[in-house]
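Accompanying notes for the structure given below.
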Amino acid sequence: MTDFANRLIAWQKVHGRHDLPWQNTTDPYAIWVSEIMLQQTQVSAVIGYYAKFMARFPTIAALANATQDEVLQHWSGLGYYSRARNLHNAAQTIVDEHSGMFPQDFDTIQTLSGIGRSTAAAIASFAFHQVQTILDGNVKRVLTRHFAIAGWPSTPKIEKALWQLAEKLLPQSDMVAYTQGLMDLGATICTRSKPKCTTCPLNESCLARQQNLTTILPTPKPKKSIPEKNTTMLILRQGNEIMLIKRPSSGIWGGLWSFPEYDENTLTSNDYATIALNQFGISATADSALPTFSHAFTHFKLHIKPQPLTITKQTLQAREAGFIWLNIEDAIGAAIPTPIRNILLYLHKHPS
DNA sequence: AAGTCGGGGCG
DNA sequence: CGCCCAGACTT
């Protein structure tokens, strides 16, 4: 047992978090769902989603039997929607290939869609008390500081060294407290800015603290400029109903419902009524555009111009595959991305 | 090794 | 406004 692990475990039992909604259970499904929701997502953002998701999909079988659209509906607004598609797919794999029981073998867990080494280790330690280490953003920050490791932690070389280091630090028991302690320390003590070193259980051996490196470790990700894109979204409207199209499963907002969208940089004409007629067989008149707003992603920035059109005559059935007409209230509760929801809320608040 | 995937919280 | 978060997957 390493001293590192000893102090972390003792600290977690007294000062760590013990009442999060996914704690105090050994149900691998409940733990699995939480770990997927928490990937690249802070605890405060997950709290509002977790209970609703578990109430609607209480078991692996319930999730496997649901439609992808309903799963995405319960993920709407949380982001990284491939997580929801992978979760759904993995539930069906467990039913089909593992008799509906969540696998316990560490390597087998990692064969499931959306579960890599770190998430597998979190599930294996929390649900099955296996001795496996996680390596998430919290742990990378704790380790690079405690052992004064320079360089962006997500480069393959440093990441490999961090995995090996994390393995060596593992205890042989108390894995629930240890894994939770790694997370809790990074989230509450060894924070990105203003770490609370005076109350840290590992402060005496922390090299970054000894060498005054806590402000420059971990080494930040190299910054690169991101492109900006301009898009127009057509809001085809008939009374209180609007038209949504299903986005392809790959790419941004995969599988979600959205407005028809046109790249302003390649659009040859701004005759949106003609576009509506040619693309959808819908006669409509363009109204004045809503205020343009911006939405930031990790790798580009999107400027969205919402363009409402009022339907005068509908010459095509609107129930083709990939199209749906919903009243605004129902659309707000559908599987839609956040900017679409914001537009719908605006329309709901400003009836024309 | 680099790019793709959201959205929100916080200084 | 920039950075990061209980990362995984694709190219």
Positional range of nucleotides in DNA chain B within the contact set of chain A, heavy-atom, under 4.0 Å: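 Boundary nucleotides touching chain A, in 5' to 3' order, are B:dA1 to B:dG9.
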Identify whether any heavy atom of A:Lys194 sits under 4.0 Å from a base atom; if not, whether one sits that close to sugar-phosphate; answer base, sugar-phosphate or nothing.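 It contacts nothing in the nucleic acid.
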Heavy atoms only, 4.0 Å cut-off, all strands: where does A:Lys224 land among base, sugar-phosphate and nothing?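 It contacts sugar-phosphate atoms only.
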What one-letter contact string describes nucleotides 6-11 of chain C from 5' to 3', where B marks a base within less than 4.0 Å of any protein heavy atom, S marks contact via sugar-phosphate atoms alone, and - marks no contact? BBSS--
Distance-only check: which donor-acceptor pairs under 3.5 Å involve side-chain atoms of residues 50-67 of chain A, not counting sequence neighbours?
residue : atom : partner : partner atom : Å
A:Tyr50 : OH   : A:Ala30 : O            : 2.7
A:Arg56 : NE   : A:Glu70 : OE2          : 2.6
A:Arg56 : NH2  : A:Glu70 : OE1          : 2.9
A:Arg56 : NH2  : A:Glu70 : OE2          : 3.4
A:Thr59 : OG1  : A:Ala62 : N            : 3.0
A:Asn65 : ND2  : A:Ala61 : O            : 3.2
A:Thr67 : OG1  : A:Glu70 : N            : 3.2

Hydrophobic cluster mates of A:Ile216, side-chain heavy atoms under 4.5 angstrom, ILVMFWY only, any path?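 In the cluster with A:Ile216 are A:Leu213, A:Leu217.
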Linking Ile, Leu, Val, Met, Phe, Trp and Tyr through side-chain heavy atoms less than 4.5 Å apart, which residues share a cluster with A:Phe106?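 Reading the cluster by chain and number, A:Phe106 sits alone, since nothing else belongs.
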Can you sort out which residues in residues 339-350 of chain A have a heavy atom within less than 4.0 Å of DNA chain B? Ascending by number, please.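 Residues of residues 339-350 of chain A under 4.0 Å from DNA chain B: A:Pro339.
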Below 3.5 Å, can you tabulate the donor-acceptor pairs from side chains in residues 149-162 of chain A to any protein atom, sequence neighbours excluded?
residue  : atom : partner  : partner atom : Å
A:Ser154 : OG   : A:Lys140 : NZ           : 3.1
A:Thr155 : OG1  : A:Trp152 : O            : 3.1
A:Glu159 : OE1  : A:Lys140 : NZ           : 2.9

Not counting sequence neighbours, which residues clear side chain to side chain contact (heavy atoms under 4.5 Å, CB included) with A:Thr199? List them please.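 Per chain and number, A:Thr199 pairs via side chain to side chain contact (heavy atoms under 4.5 Å, CB included) with A:Ile189, A:Lys196.
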A:Pro28: what forms a side chain to side chain contact (heavy atoms under 4.5 Å, CB included) with it, not counting sequence neighbours?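 Side chain to side chain contact (heavy atoms under 4.5 Å, CB included) check on A:Pro28 returns A:Phe102, A:Ala127, A:Phe128.
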For A:Arg17, give me all partners under salt bridge (charged side-chain N to carboxylate O under 4.0 Å, His left out), at least two apart in sequence or on another chain.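 A:Asp184.
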Select from A:Thr155 and A:Gly254 the residue whose nearest nucleotide in DNA chain B is closer to the 5' end of that strand.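 Closest to the 5' end, via its nearest nucleotide, is A:Thr155.
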Between A:Ser193 and A:Lys221, name the one whose nearest nucleotide on DNA chain B is closer to the 5' end.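 Going by which nucleotide is closer to the 5' end, it is A:Lys221.
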Inter-nucleotide P distance (C:dT11, B:dG6), Å rounded: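 It works out to 16 Å between them.
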P atoms of B:dG11 and C:dA6, separation to the nearest Å: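 Rounded to whole Å, the distance is 15 Å.
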Show which side-chain atoms of residues 330-346 of chain A pair as donor or acceptor with protein atoms under 3.5 Å away, not counting sequence neighbours.
residue  : atom : partner  : partner atom : Å
A:Asp330 : OD2  : A:Asn327 : ND2          : 3.1
A:Arg341 : NE   : A:Ile332 : O            : 3.0
A:Arg341 : NH1  : A:Ser76  : OG           : 3.0
A:Arg341 : NH2  : A:Ser76  : OG           : 3.1
A:Arg341 : NH2  : A:Ile332 : O            : 2.7
A:Arg341 : NH2  : A:Ala334 : O            : 3.3

How long is the gap from CG on A:Leu256 to CD on A:Gln73, to the nearest 0.5 Å?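 Going from CG on A:Leu256 over to CD on A:Gln73, the span is 10.5 Å.
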A:Thr274: side-chain hydrogen bond (donor to acceptor under 3.5 Å, both in side chains) partners, not counting sequence neighbours: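 Testing A:Thr274 for side-chain hydrogen bond (donor to acceptor under 3.5 Å, both in side chains), a comparison that skips the adjacent residues, returns A:Asp271.
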So does A:Gly116 get a backbone contact from the side chain of A:Thr119, meaning a donor-acceptor N/O pair under 3.5 Å?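 Absent.
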